[in-house]
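The next block holds one structure in the form of structure tokens; read it before the comments.
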Amino acid sequence: MPVLLLAVFVMPISISGTAIALPSIADDLGSSPTGLQWIVNAFNATFAVFTLFWGVFSDRLGYRRTFTIGIATIVVASLLSAVASSLGMLVVARALAGVGGAAVFTGAAAILSNAYAGPARTRAFAFFGTTIGLGLALGPTISGALVSAAGWRGIFVAYAVVLVAPLVGAAVLPHVRHDDVRRRLIDVSLLRNPRFLGYALVPVAAAVGYVTMLSYLPVALSAIHGMSAGTAGLFMLPMTIPVLLGPAIAARLVDRHERVTPMTMMYASLGSMVLGDLGLLLLGPDIGLAWLVLPLILLGFGFGFPIGLVDGEALASVAPHLSGTAAGVVNFLRLGSEAIVVGLYAAAITALIGARIPDAATADRVAAGGSGNAAAYADALHPVVVVMAVVVVAMTVLIAVLDRAARRPERRVGMPGAADCAPAT
């Protein structure tokens, strides 16, 4: 398990770390809003698309082989990122890293799902989620320190160096492969399974409510309060440390209290995200930063509670030989939604700032985190976070409908994998 977890640890750091380096990258390679957005979006977009590819083919190739290919790909992509001489080259390198990241996540989740069962599976995925949370919690701080000490290129060199250990250690992982996999791109019965689909949509809501701000809150802090990358990384700890604590707390509550089900924790997380998003209305040039601590904590726990738990429950609701495909679908929805909503957030902020600042060059600089027009950035941010909260509420209602459908005995009969695994509630 340590081999899996070390590789998984690097994935969220590569997302949050790249975002916090954007102002430094803009100073070095140019402040084109589209180019800077795609440095973040390219990783998410290819990660999302290739989770479907790796999800299907990992069931045939073997999960250890898929995991190993993913690590090797990220090492190469990280080194290319470190030597990038233009925004275009950096975007291509981050896109390649996303291809590798999809293989790492798919292989790791499928190995855990097949290696453990029952309470042991819950604990294994709690470790999985805690590791992701640790990466998210430390990502901005580590990356901010690296940017301050070694420049933005240093963060990509660090990714490559850290991943050498799991690349070598992958040889000790169990080799799991299913030779009876049906030859189709996606088993569409997964999407007819309301239990699986309900859990799989939780990360979509989290993409809207949390990941957008994880990616661009450092930029907002730079634009509104003139924070450096290192200071912004430290300020985000109330938003990221709960992501480290949340998975273990959720797993413990589910294991020890019969009335607390995995879906109970999903609703708690979604409610926390709504309140946290609305709390970001307090982010402005004339409001003390201390008022943001509670909203950031709510966002952190809102995102942290379901991590790992949602993956374990989603994969437990399908047959074992579809573990890779199921992991691929979950991560496709997770990263696909992140790529879309992060892009929409950036586009909305850029457009709203452009409407408030007539000079295009100045507007682009402010949208990239430049100081001097704090009120314009704050005025653009506030309507966006309200829309984010409304969307999360709508997603919560949809997830509740699917949960209710999954509880109907007539729908549960014949559910894919119902005979092969215990239903998760």
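Just so you know, these numbers use all the heavy atoms, side chains as well, and skip hydrogens, waters and symmetry mates.
The structure places CG of L398 at 5.5 Å from CG of L201, a figure rounded to the nearest 0.5 Å. One distance of note links CZ of R64 with CD1 of I111; it measures 8.5 Å at 0.5 Å rounding. Distance check, rounded to the nearest 0.5 Å: CD1 of I69 to OG1 of T106 gives 12.0 Å. Atom CD1 of I287 sits about 8.0 Å away from atom CG of L292, to the nearest 0.5 Å. Here I224 contributes atom CD1 and L381 contributes atom CG; the two are 5.5 Å apart, rounded to the nearest 0.5 Å. Distance check: S337 OG to L344 CG gives 11.0 Å after rounding to the nearest 0.5 Å.
The shortest side-chain heavy-atom distance between L87 and I25 falls under the 4.5 Å cut-off. Side-chain contact check for T212 versus M388: some heavy-atom pair is nearer than 4.5 Å. The side-chain heavy atoms of L163 and L6, taken from C-beta on, include no pair separated by under 4.5 Å. Residues L278 and V385 form no side-chain contact, since every pair of their non-hydrogen atoms from C-beta on lies 4.5 Å or further apart. In this structure the side chain of L352 reaches within 4.5 angstrom of the side chain of P383, judged on heavy atoms. Using a 4.5 Å cut-off on side-chain heavy atoms (C-beta onward), V204 and M395 make contact. The shortest side-chain heavy-atom distance between I71 and V104 falls under the 4.5 Å cut-off. Contact check for N193 versus S317: side-chain heavy atoms found under the 4.5 Å cut-off.
For the residue pair I353 and A367, the shortest heavy atom distance occurs at CD1-CA, 3.9 Å. Counting all heavy atoms, side chain and backbone alike, M266 lies closest to P306 at SD-CB, 3.7 Å. Considering every non-hydrogen atom in both A205 and V392, the closest pair reads O-CG2, 3.8 Å. Nearest heavy-atom pair, L299 versus G209, reported as atom, atom and distance to 0.1 Å: CD2-O, 3.3 Å. The two residues A103 and T66 come nearest to each other via the heavy atoms CB-O, 3.4 Å. For the pair W54 and A102, the tightest heavy-atom approach, listed with the atom from each and the gap, is CD1-CB, 3.7 Å.
Looking at residues two or more places apart in sequence or on another chain, you find a side chain to side chain contact (heavy atoms under 4.5 Å, CB included) between L234 and T141, L237. Not a single side chain to side chain donor-acceptor pair (under 3.5 Å) links S371 to another residue, sequence neighbours left out. For V393, the side chain to side chain contact (heavy atoms under 4.5 Å, CB included) partners two or more places apart in sequence, or in a different chain, are V274. Considering only residues two or more places apart in sequence or on other chains, V92 meets the side chain to side chain contact (heavy atoms under 4.5 Å, CB included) condition with none of them. Legend: residues meeting side chain to side chain contact (heavy atoms under 4.5 Å, CB included) with I249, ordered by chain and number and at least two apart, are L245, L253, F301, F305.
Between the side chain of T73 and the main chain of G100, no donor-acceptor pair closer than 3.5 Å is present. W291 places no side-chain N or O within donor-acceptor distance of the main-chain N or O of L283, the cut-off being under 3.5 Å. A donor-acceptor pair under 3.5 Å is absent between the side-chain atoms of T231 and the main chain of M227, judged by distance alone. In terms of modelled atom types and a separation under 3.5 Å, the side chain of N373 and the main chain of A376 share no donor-acceptor contact. Side-chain atoms of S81 come within 3.5 Å of backbone atoms of A77 as a donor-acceptor pair (strictly under, hydrogens ignored). A donor-acceptor pair under 3.5 Å is formed between the side chain of T264 and the backbone N or O of T261.
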- prompt: What's the verdict on side-chain contact (heavy atoms from CB on, under 4.5 Å) for Y377 and V219, showing C-alpha distance, side-chain angles and the deciding distance?
  reply: CA-CA 10 Å; Y377 198 106; V219 178; 3.9 Å; yes

query: Passes side-chain contact (heavy atoms from CB on, under 4.5 Å), M263 versus I399? Steps please.
result: CA-CA 9 Å; M263 192 54 71; I399 291 166; 4.1 Å; yes

task: Go through the steps to decide whether F47 and R94 satisfy the test side-chain contact (heavy atoms from CB on, under 4.5 Å), and finish with yes or no.
output: CA-CA 10 Å; F47 193 124; R94 300 314 299 152; over 6 Å; no

Verdict with reasoning, F196 to V330, per side-chain contact (heavy atoms from CB on, under 4.5 Å): CA-CA 9 Å; F196 172 81; V330 170; 3.8 Å; yes

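The number of heavy atoms from other shown groups lying within 6.0 Å of CZ (R356) is above 12.
Among residues at least two apart or in separate chains, there is no side-chain hydrogen bond (donor to acceptor under 3.5 Å, both in side chains) pair with a member in residues 381-400. Screening residues 284-312 for salt bridge (charged side-chain N to carboxylate O under 4.0 Å, His left out), with sequence neighbours left out, gives D311-R334. Residue pairs meeting the ring pair (Phe, Tyr, Trp, His ring centres under 6.0 Å) criterion with at least one partner in residues 214-252, sequence neighbours excluded, are Y216-Y345. Within the structure, every pair that satisfies the side-chain hydrogen bond (donor to acceptor under 3.5 Å, both in side chains) test and touches residues 267-280, not counting sequence neighbours, is listed here: Y267-D403. Every pair tested for salt bridge (charged side-chain N to carboxylate O under 4.0 Å, His left out) that includes a residue from residues 372-381 fails, sequence neighbours excluded, so the list is empty.
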